[in-house]
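Bear in mind that the values here come from a model prediction, so they are computed numbers and not experimental data.
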2 protein chains.
Amino acid sequence: MQGLMQDWPLLCQRIIEHAARQHPKRRIVTRTVEGPIEVTNYAELHSLSLRISKKLNQDGVTLGDRVGTLAWSTARHLACWYGIAGLGAIYHPVNPRLFPEQIAYIINDAKDRVMLVDTSFVSLLESIADKLTTVERFVVLTDRAHMPDTSLKGAVSFEEWLEGVDDQFQWPTFDENTAVTLTYTSGTTGNPKGVLYSHRSVNLMSLTGIAPDMYAFSSHDIVLQVIPMSHANGWSWPFSAPMTGAGLVFPGAQLDGASLVELIESEGVTMSGGVPTVWQSILSYLAGKGQRLTKLKRVYIGGSAGSRALLEEFRDRHGVEVRSGFGMTEMGPMSGVGSLMPETAALPPEQEIAIRQTQGRPPYLVEYRLIDDQGQAQPWDGESPGHLRARGPCIAQAYYGQAPGSALDEDGFFDSGDIATIDVNGYVHLTDRAKDLVKSGGEWISSIDLENHAMGFPGIHEAAVVGVRHPKWDERPLMLVVPKPGASVEKQAMLKFLSARVARWWLPDDVVEVTDIPHTATGKINKAALRRTFAAHYSPADDKS
Amino acid sequence: MQGLMQDWPLLCQRIIEHAARQHPKRRIVTRTVEGPIEVTNYAELHSLSLRISKKLNQDGVTLGDRVGTLAWSTARHLACWYGIAGLGAIYHPVNPRLFPEQIAYIINDAKDRVMLVDTSFVSLLESIADKLTTVERFVVLTDRAHMPDTSLKGAVSFEEWLEGVDDQFQWPTFDENTAVTLTYTSGTTGNPKGVLYSHRSVNLMSLTGIAPDMYAFSSHDIVLQVIPMSHANGWSWPFSAPMTGAGLVFPGAQLDGASLVELIESEGVTMSGGVPTVWQSILSYLAGKGQRLTKLKRVYIGGSAGSRALLEEFRDRHGVEVRSGFGMTEMGPMSGVGSLMPETAALPPEQEIAIRQTQGRPPYLVEYRLIDDQGQAQPWDGESPGHLRARGPCIAQAYYGQAPGSALDEDGFFDSGDIATIDVNGYVHLTDRAKDLVKSGGEWISSIDLENHAMGFPGIHEAAVVGVRHPKWDERPLMLVVPKPGASVEKQAMLKFLSARVARWWLPDDVVEVTDIPHTATGKINKAALRRTFAAHYSPADDKS
């Protein structure tokens with residue numbers, strides 16, 4: 001028997017309609033790419049979204065078409081998202097920090113018909129324009145006065161494009177499982193892979209994120225969108241904020257400490273989030289100025305865990321609560337937040353910080369499973385590592401262009417590719433990427449744990465650990481180290497240092513000084529490259545075991 | 001193009017699975033109907049729900065079957081809900097305060113196959129047993145020792161019923177639009193009507209309720225379930241709490257001030273909600289004892305608005321924030337909460353209280369429309385009254401047994417039956433039930449506004465206003481008044497009192513002292529009865545205009 005409730009699909013355009021109806025005047029601030037601060041509100045953003053839809057529709061864009069954006073976090077960028085989504089078309093936010101050939105690849109793979117691009121990225125697009133096979137039109141997100149001279153075919157400024165287009169447009173209604181956005185993973189090996197969110201998944205993820213134990217959005221919050229909108233859908237905040245009537249502040253192209261602190265203080269920002277380096281630069285700036293934050297209440301750290309020092313400085317000097325956030329594009333993107341719960345709220349400060357550094361605990365709608373190589377469930381004891389797999393309505397079942405269900409195991413779970421432990425209270429602690437684990441004699445050694453310990457060694461600048469083929473143990477760990485300028489890192493001293501911190505059989509068989517460690521486009525250590533370079537390091541002639 | 005996210009239907013049983021996985025040990029407390037306090041947790045509640053499912057399944061209950069409950073708010077009652085829902089069957093919580101003949105009517109209308117009943121209500125069921133045409137089995141929610149002697153056919157105690165039944169049972173997966181619960185409105189005119197929620201609507205409503213500006217549930221909350229579970233699905237709290245890992249406290253049959261205060265203080269309850277009379281009795285008890293509440297933070301008032309005195313006493317004496325909640329069974333059940341927002345947070349205390357007394361503002365997923373008799377949209381200015389209509393995934397489209405969509409207007413909106421104003425910040429203020437409005441010469445007069453003003457008149461116990469047919473003005477207001485013992489209410493004095501408070505043309509054409517005003521089963525003034533009794537009061541011979 002079916003219920004008798006209304007058939008009201010969860011469509012993203014309804015979120016901006018809600019905000020325009022219930023919070024029309026809420027302040028939305030952007031530091032524009034051109035420089036000046038621009039102020040708008042949800043009523044105006046709604047109107048602009050409708051104009052964009054109307055124009056795209058006139059240009060022949062329709063349900064299912066892909067429209068790329070290559071843009072900073074701005075209110076205009078967000079209006080483009082809603083304008084594209086409202087038509088049932090698919091917005092595809094391109095990460096400008098990918099290599100140009102990757103950008104060309106994903107625009108072609110997505111078959112983007114239109115590119116909406118900030119002036120900052122026009123020359124980047126020009127450099128790959130001859131490789132783009134599907135783009136019919138380039139719209140530069142600026143006014144006539146700032147329109148650059150460009151070789152992009154048919155390029156038009158946003159102002160000119162929308163001229164004479166009013167907001168009298170009716171968004172269609174369609175199935176909530178319709179795709180709404182395509183985001184590519186950075187792809188450390190091989191080509192980037194697309195993840196295709198639905199209107200339903202974006203709605204559910206954004207609703208879930210509002211909860212007090214998650215991002216805790218309310219109409220009283222003013223949210224600084226530091227995390228780029230091209231990074232995992234901006235953590236869904238561009239949807240959670242208008243759902244609740246929270247104010248939004250967009251930093252545009254200025255992500256330095258001084259610019260962000262100015263926005264935080266002048267706009268009374270209450271919460272924000274981003275990768276640790278952003279927060280480190282904000283704290284450095286504040287320390288240099290001897291300045292304290294007065295209104296910021298909560299900071300979410302994702303991408304990688306924040307350091308203990310960073311969390312303590314926020315708490316002790318600025319009265320700001322730091323929560324870790326964990327997710328990945330394939331997970332919708334948020335799958336856990338490191339908020340406290342009754343079991344952990346009364347811990348001593350040291351242990352409390354450790355909880356805040358975990359990858360958090362999942363909300364309702366995210367089901368975790370922890371299994372070993374044989375598929376056996378591992379206990380949630382904070383010690384037993386396993387493959388972290390996840391199930392839920394906001395988690396991918398396949399990559400773009402692949403068969404439905406192709407990314408799932410036989411129980412319908414998605415493999416995060418991470419190795420984790422889960423403690424008795426449900427907090428997840430990532431110990432490694434599965435492909436970076438060192439598998440020695442059937443046992444697992446965490447490359448990340450070894451690296452983290454090594455970073456405590458005096459004079460070290462960076463450390464990387466990879467598993468290298470070994471005739472007896474299958475793999476053994478190899479540590480590459482980059483000393484600080486003028487310093488050096490002795491193999492025996494490092495091994496002695498580590499032997500006080502990890503099990504004896506975890507100790508790298510060799511420690512090699514290098515001048516540089518390769519990184520991917522998104523700043524992660526490129527372990528695939530290291531494994532190739534050092535593939536024969538433990539060849540039989542070198543066998544030390 | 002469809003998104004590529006997982007197909008994970010929103011099913012109610014997944015909520016208790018989540019709580020058992022992430023918050024297994026969270027304390028759940030019940031004051032049992034038998035007397036003693038009983039403590040359980042989400043892991044045990046999950047296990048008990050599975051046992052109930054397994055047993056119902058053995059008894060032949062299957063997808064779509066209805067199972068009635070006639071029970072107080074207890075953990076066992078909640079386990080029954082999850083056990084029924086997990087099978088895809090439909091729990092039907094019967095309001096024990098309905099008249100016995102109404103109870104017989106709705107059990108037959110629902111075609112309940114099984115009745116789960118607290119010992120308190122066994123004799124009530126016995127008194128109508130010969131009228132029940134579909135019930136095959138009665139399970140009394142108690143142990144063997146407390147099992148009453150009963151004439152209910154095949155009655156068995158809960159303990160005996162579940163004996164030898166373990167929790168090894170796998171809940172099926174099915175369409176999220178499957179019906180999960182049937183609740184009947186009290187039906188002031190005609191027979192009660194059933195509202196049939198789906199798994200989807202209960203999930204979405206419960207997720208929405210978690211938001212900081214709504215009920216603000218977190219794992220740190222301890223929630224006292226004062227609002228009866230048979231009243232509009234207990235405001236969805238039995239689902240929002242386990243979604244977030246909040247603790248739950250069930251008051252069972254003891255809803256007096258002393259019992260509730262004892263639970264609030266001993267269990268450290270942080271939030272609760274109910275109708276104003278419950279809170280009035282709590283405040284009276286506290287005042288009598290000279291006691292202050294120490295841990296309660298938020299109280300939600302629904303059913304009708306709390307008085308200014310009640311809100312002030314909570315705020316000033318107990319440091320408790322009071323928020324109004326507005327909903328109705330047909331609305332999922334919650335459609336608005338009177339939390340503050342930036343525009344109203346800085347108001348003077350007087351005006352702030354007035355905001356908290358409104359019917360609040362709707363969350364995302366509730367769309368309001370305010371229209372006049374001609375279907376024209378009314379402005380949101382806080383003054384223009386209109387019919388309040390609503391659209392959303394948690395709002396009914398038809399009553400049970402009626403054709404899909406039969407309760408909707410041409411735009412797909414459900415008519416709440418209320419007359420309201422909406423102010424510039426989106427707060428709804430109900431001015432009357434549409435059927436109780438007095439329509440005088442094409443203009444609307446609010447019977448409730450007149451009653452509220454009249455209640456300020458010295459010596460008045462109760463006032464009721466109804467529209468009575470009038471030869472010139474179609475209808476004119478008639479006021480019935482019940483004086484306090486020993487007092488009297490003079491017509492001319494009342495009219496003079498009112499004329500300082502309402503427009504002249506709103507003044508009742510007559511004020512009549514009566515000894516008693518009739519009420520419905522749920523305590524509302526029975527205006528239909530009054531209209532019948534006084535139908536000819538303004539007959540031509542009495543024409544005063």
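- Looking at A:Ala390, only its backbone comes within 4.5 Å of chain B, counting heavy atoms on both sides.
- Note that the CD1 atom of B:Ile395 and the CZ atom of B:Phe414 stand 8.5 Å from one another [nearest 0.5 Å].
- If you take CG on A:Leu347 and CD on A:Glu352, they are separated by 7.5 Å, rounding to the nearest 0.5 Å.
- A donor and an acceptor atom, one from each side chain of B:Tyr427 and B:Thr344, are located under 3.5 Å apart.
- Counting heavy-atom pairs under 4.5 Å between each of A:His199, A:Arg14, A:Glu330, A:Arg26 and chain B puts A:Arg26 at the top.
- Only the backbone of B:Pro9 comes within contact range of chain A, judged by heavy atoms closer than 4.5 Å.
- Partner of B:Asp409 under the salt bridge (charged side-chain N to carboxylate O under 4.0 Å, His left out) criterion, chosen from B:Arg389, B:Arg391, B:Arg369: B:Arg389.
- For chain A, the nearby part of B:Pro363 is the backbone; its heavy atoms alone come within less than 4.5 Å.
- Between chain A and the options B:Asn425, B:Val195, B:Thr244, B:Leu365, the largest number of non-hydrogen pairs under 4.5 Å is found for B:Leu365.
- For the options B:Ala407, B:Pro342, B:Gly412, B:Ala396, heavy-atom pairs under 4.5 Å to chain A are most numerous at B:Pro342.
- For chain B, the nearby part of A:Phe217 is the backbone; its heavy atoms alone come within less than 4.5 Å.
- Using a 4.5 Å cut-off between heavy atoms, A:Leu408 contacts chain B through its side chain alone, with no backbone atom that close.
- Using a 4.5 Å cut-off between heavy atoms, B:Ser201 touches chain A through its side chain atoms alone.
- Proximity to chain A (any heavy atom under 4.5 Å) is restricted, for B:Asp175, to the side chain, taken from C-beta onward.
- Among A:Asn177, A:Asp65, A:Leu63, the residue making the largest number of heavy-atom pairs under 4.5 Å with chain B is A:Asn177.
- In this model, a donor atom of one side chain and an acceptor atom of the other lie less than 3.5 Å apart for B:Ser335 and B:Tyr368.
- Between chain A and the options B:Gly332, B:Ser339, B:Gly392, B:Ala345, the largest number of non-hydrogen pairs under 4.5 Å is found for B:Gly392.
- With a 4.5 angstrom heavy-atom cutoff, A:Tyr400 touches chain B via backbone and side-chain atoms both.
- Contacts of A:Leu182 with chain B are absent, with no heavy-atom separation under 4.5 Å from either backbone or side chain.
- Neither the backbone nor the side chain of A:Asp221 comes within contact range of chain B; no heavy atom of the residue lies under 4.5 Å from a heavy atom of that chain.
- Rounding to the nearest 0.5 angstrom, the gap separating the CD1 atom in A:Ile210 from the CZ atom in A:Phe239 is 12.5 Å.
- For B:Tyr184 and B:Tyr399, the distance between ring centers is not under 6.0 angstrom.
- Neither the backbone nor the side chain of A:Arg27 comes within less than 4.5 Å of any heavy atom in chain B.
- Highest contact tally toward chain A, considering only B:Ile422, B:Leu340, B:Val180, is held by B:Leu340 [criterion: heavy-atom pairs under 4.5 Å].
- Between chain B and the options A:Met214, A:Lys25, A:Glu176, the largest number of non-hydrogen pairs under 4.5 Å is found for A:Glu176.
- Summarising the geometry of B:Leu196 relative to A:Gln2, their closest heavy-atom pair is CD2-O, 3.4 Å, with the distance given to 0.1 Å.
- Only the backbone of B:Val366 comes within contact range of chain A, with heavy atoms under 4.5 Å apart.
- The side-chain contact (heavy atoms from CB on, under 4.5 Å) test with B:Tyr197 singles out one residue from B:Pro333, B:Cys394, B:Ser236, and that residue is B:Pro333.
- The candidate with the highest count of non-hydrogen atom pairs below 4.5 Å against chain A, out of B:Met1, B:Gln6, B:His18, is B:Gln6.
- Contact annotation for B:Glu17: neither backbone nor side-chain heavy atoms come within less than 4.5 Å of a heavy atom of chain A.
- Highest contact tally toward chain A, considering only B:Gly64, B:Ala211, B:Ala398, is held by B:Ala398 [criterion: heavy-atom pairs under 4.5 Å].
- Ranking A:Gln402, A:Arg361, A:Arg21, A:His23 against chain B, the residue ahead of the rest is A:Arg21, based on heavy-atom pairs under 4.5 Å.
- Here the shortest heavy-atom pairing between B:Leu87 and B:Trp171 reads N-CD1, 4.2 Å.
- Using a 4.5 Å cut-off between heavy atoms, A:Ile222 does not touch chain B at all.
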